[in-house]
Amino acid sequence: MCGIIGYVGSKETDVTSILLEGLSKLEYRGYDSAGIAVLGSEGNIKLHRRAGKIANLVATVEEDVTPELSTLGIGHTRWATHGRPNDINAHPHPDCTGGLTVVHNGIIENYAELRIELQQEGHSFQSDTDSEVLAHLIERAYFGDANHDLVLAVRTALQRVTGSYSIGVVSNEHPDLLVGARCAGPLIVGIGEGEQFLASDIPALLKHTRRVLILEEGEVAVLRPEGVKLMTLYGTEIEREPTTIDWDTEAAEKGGYPYFVIKEINEQPDALRRALTGRIRDGKLRLPEMERIEHSGLLKNIQRIIVVACGTSFHAGMIAKYAIEKWARIPVETITAAEFRYCDPIVGPDTLCIAVTQSGETADTLVGIRQAREHGAPVIAVTNIVSSAITRLADAVLYLQAGPEIGVVATKSFVSSVAVLYLLGLYLGEQRGRITAEQMSEFTGALEILPEQIQRILDHANSEHDSIEPLAKRMADTNSMIFIGRGVGYPTALEGALKLKEISYIHAEGFPAGELKHGSIALLDEHTPLVAVATASHVYEKVVSNIQEVRARDAHIIVVATEGDERIRQHADDILYVPATMEVFSPLLASVPLQLFAYHVAVARGCNVDQPRNLAKSVTVE
Ligand code: F6R
C-alpha cells in the first residue's frame with residue numbers, strides 16, 4: 001500500500017535524493033504512482049508527480065535543470081483506491097496556494113461530504129482522490145489562524161476526518177518543520193543528528209538511523225531538525241523512548257540475488273531457526289510470551305478458537321487448525337478477516353482469537369480483531385513486525401523473528417508463521433494435558449530438524465540436479481493450473497496456487513483433492529496441468545486415487561512427494577521430492593518446491609517477481 005517518506009534537517013542537503021532513495025525502499029509495499037515535494041531556494045514548494053514506477057518520477061526530476069539543496073521535503077508512493085493512478089492523482093497534494101503539501105496513506109471515509117463543503121467555501125480541487133481534502137482542510141485551519149500554526153492546523157483538520165490515515169505535511173512558511181500523524185496505517189519517525197525522518201516502514205530509514213519512534217493511533221509527530229515531539233490530536237504531549245532497530249541494512253538488500261523473493265525463499269532455514277530459537281530447549285517448549293495471558297486466567301475457559309487472517313497468513317491459519325485440533329482437541333475455525341468482521345461472529349470470553357498477520361497492519365485483520373476484543377475475546381497475535389498495530393490489540397504476541405520480508409509475496413513469513421502456530425498448538429495441547437513429555441520431545445525434535453531439511457531442498461534446487469526450474473520453464477506458457485491436497489496438504493495446495501497466480505499471473509486454483517470430482521474436475525484437460533501434494537500421510541492412498549481420476553483426463557501431473565516414494569512414479573509426469581517428516585509438519589517442506597516453482601515460472605514469463613501488478617505488501621485499507 002502507499003508509502004510515505006519525509007525529511008527535515010538543519011543544513012541544506014540533497015533532499016530530493018534522500019526522498020527518491022527512501023521511496024525506492026518502500027517500492028515493495030506496492031504502488032502505481034509516486035511523487036515528491038521539496039522546499040525550493042525561493043521559498044516555493046517544488047512538486048514532481050508521475051504515474052507508474054519510481055523510474056518515471058526520477059526521469060521527471062532529472063529533467064528539472066536546476067536541482068537544488070534544501071532542508072525539507074516529503075515523498076509518496078500511491079496505491080490507488082480513489083481515482084485512477086495518473087499524474088494528477090499522485091501525491092503530494094497541494095492546497096489552493098501551493099504552499100502547503102500533504103501525503104496520505106489510508107482512506108478518508110467522509111471525503112465526499114468534506115469535498116462539497118470545501119468547494120462551497122471556494123477551495124478548488126485538482127484530483128479525484130479522497131486525500132486532497134486533507135490539503136484543503138489543513139489550508140482552511142492554517143490560514144484561518146493568524147499565527148499560521150501548522151501543527152494546530154493539522155490537528156484541527158484531522159478532527160474533522162473519519163477513516164484511516166498516516167500523513168506527512170510541509171509548508172513553505174516553515175522550512176524547519178515536518179508534521180506527521182497517524183490513525184491506522186503505519187508511520188515511523190527516524191531520529192537523526194540535526195535531521196529527522198518520517199516513513200511508513202523501517203527499510204526506508206535504515207540507511208540514516210536505527211533509532212525510531214513508532215507512532216500509535218491518534219498521535220501527531222512534530223519533527224524539527226533539533227528534535228521530535230509527540231502529542232495527541234488534542235495537543236497533550238506524549239513521552240516515548242525511541243526503539244533501536246537491530247535489522248542490518250544487508251537484510252533489507254538483495255545480497256546478490258536477482259530478486260528479494262528468491263533471497264527470502266533461500267533465507268527460510270534461518271528464518272525458521274529464529275522462530276524456534278529459545279522456544280524449544282532439551283525437548284521442552286518454552287513460550288515466555290504466553291506467561292502473562294496464562295496468569296491472567298484468560299485461557300482457562302476457552303471452548304473454541306478462531307484464527308483470523310488474510311491471504312497467505314490465512315493459509316498458515318488453516319494449517320494451524322489441523323495442528324491445534326489434533327494436539328489440544330479444541331475446535332478451531334479459520335476465517336478470512338474480511339468476512340469475519342461482517343458475519344456477526346459468535347465470539348466472547350470463551351473464544352480465543354488468533355490473529356495471524358506478518359505485517360501486523362492488515363486493515364481487515366485489525367478491524368476484525370478489534371471487534372472480537374469488544375466482545376471480550378482474548379487475542380493472541382502472530383506477527384513479524386515489532387510494535388505493529390496488531391500488537392496493541394493482543395493479550396499476547398508471538399513474533400516470527402523472520403527479519404525483513406521485502407518481496408511483496410509472503411514466503412519466509414509464511415514458513416515462520418506456520419512454525420510459530422505449531423508452537424502455539426503444542427503449548428495449548430500441553431496446557432490441556434493432552435501432550436505427554438515424551439510426545440513433546442518427539443514433536444519438538446521433528447521441528448528442530450526442519451530448517452536443515454528445508455536447506456536440503458534448497459541446496460538441491462540450487463545445484464545442477466535441480467528439476468524445478470526446468471519444469472517451470474516447460475510450464476511457463478500454461479494458462480491455468482489446478483492444485484490439490486488433502487488434510488494439511490489442502491492449505492499447502494492453496495498456498496502453492498496463490499504463489500503461482502500472484503507472481504506469474506497464471507490462473508491457479510487450489511482444491512481439496514476429494515472435492516475435485518464434485519465439479520471442478522470439469523476444468524481439467526491435457527492443457528491444464530495438475531499439481532498434487534501427496535506427501536506421506538494418512539490420506540496418501542486417497543490422494544493417489546484422486547490423482548488417478550485426473551490422469552484419466554490426460555492432464556499433466558506434477559506431484560510433491562516424500563523422498564523414497566517410488567510408487568508415485570507410475571502416477572506422475574514430474575515429481576518434486578521433499579524429505580520425510582511428521583505428517584502435521586509436512587506443509588513446511590512441501591511449500592518450498594511450490595514457492596520455487598512459482599518463482600521460476602514467473603521469471604520465465606518475464607514478470608516483476610518482487611512487485612507483482614496490483615499487489616501491496618501491507619494492505620492497510622479494508
Ligand atoms: C500473499 C500475501 C498476502 C498476505 C495478506 C495478509 O503472498 O502476501 O496474501 O498474506 O495480505 O498479510 P499480513 O500477513 O501482513 O496480514
Side-chain angles (χ1 to χ4, degrees), residues 1 28-30 79 184-186 200-202 259-262 264-265 268 271 275 307-320 334-341 353-370 379-391 393-394 397-400 402 404-421 483 491-492 494-505 508 510 591-592 594-599 602 607-622:
M1 297 262 123
Y28 76 98
R29 293 173 63 83
W79 189 82
S200 298
D201 223 337
I202 292 164
Y259 290 100
F260 280 110
V261 168
I262 188 67
E264 287 155 5
I265 290 174
Q268 290 181 122
V307 183
V308 181
C310 302
T312 289
S313 293
F314 174 67
H315 297 154
M318 286 177 76
I319 295 166
T334 308
I335 180 158
T336 172
E339 288 300 313
F340 178 69
R341 164 149 195 219
C353 284
I354 303 176
V356 188
T357 164
Q358 69 80 22
S359 65
E361 301 288 348
T362 299
D364 289 321
T365 308
L366 293 175
V367 171
I369 288 297
R370 211 168 276 133
V379 173
I380 297 175
V382 173
T383 186
N384 197 28
I385 305 297
V386 174
S387 300
S388 55
I390 196 68
T391 64
L393 297 175
V397 181
L398 294 169
Y399 284 111
L400 307 183
E405 187 175 68
I406 309 292
V408 166
V409 296
T411 52
K412 66 174 176 173
S413 70
F414 168 71
V415 161
S416 302
S417 297
V418 174
V420 167
L421 288 164
F483 288 64
T492 311
L494 288 178
E495 178 57 13
L498 181 61
K499 284 289 92 80
L500 184 68
K501 65 186 144 193
E502 281 182 305
I503 56 177
S504 76
Y505 316 142
S591 297
V592 178
L594 298 181
Q595 293 169 340
L596 288 167
F597 176 71
Y599 170 77
C607 301
N608 182 344
V609 181
D610 280 342
Q611 289 154 29
R613 68 185 180 206
N614 305 338
L615 300 189
K617 184 74 184 163
S618 318
V619 185
T620 52
V621 294
E622 269 188 84

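Values below: every heavy atom of this structure, side chains too, minus hydrogens, waters and symmetry copies. Ligands are counted one by one from 1 in listed order, and the atoms in each one are counted from 1 as well.
Under 3.5 Å, the side chains of Thr312 and Glu495 contain a donor-acceptor pair of N or O atoms. In the model, Thr411 has no side-chain atom that pairs as donor or acceptor with a side-chain atom of Gln595 under 3.5 Å.
The backbone N or O of Ser504 sits nowhere less than 3.5 Å from a side-chain atom of Lys499 that would complete a donor-acceptor pair. Checking side-chain atoms of Thr492 against main-chain N and O of Ser591 turns up no donor-acceptor pair under 3.5 Å.
Closest of all the heavy-atom pairs between Thr334 and Gly317 is OG1-O, 3.5 Å. The minimum heavy-atom distance linking Val415 with Gln268 is given by the pair CG2-OE1, 3.1 Å.
If you look at ligand 1, the protein residues with a non-hydrogen atom under 4.0 Å away are Cys310, Gly311, Thr312, Ser313, Thr357, Gln358, Ser359, Thr362, Val408, Val409, Ala410, Lys499, Glu502.
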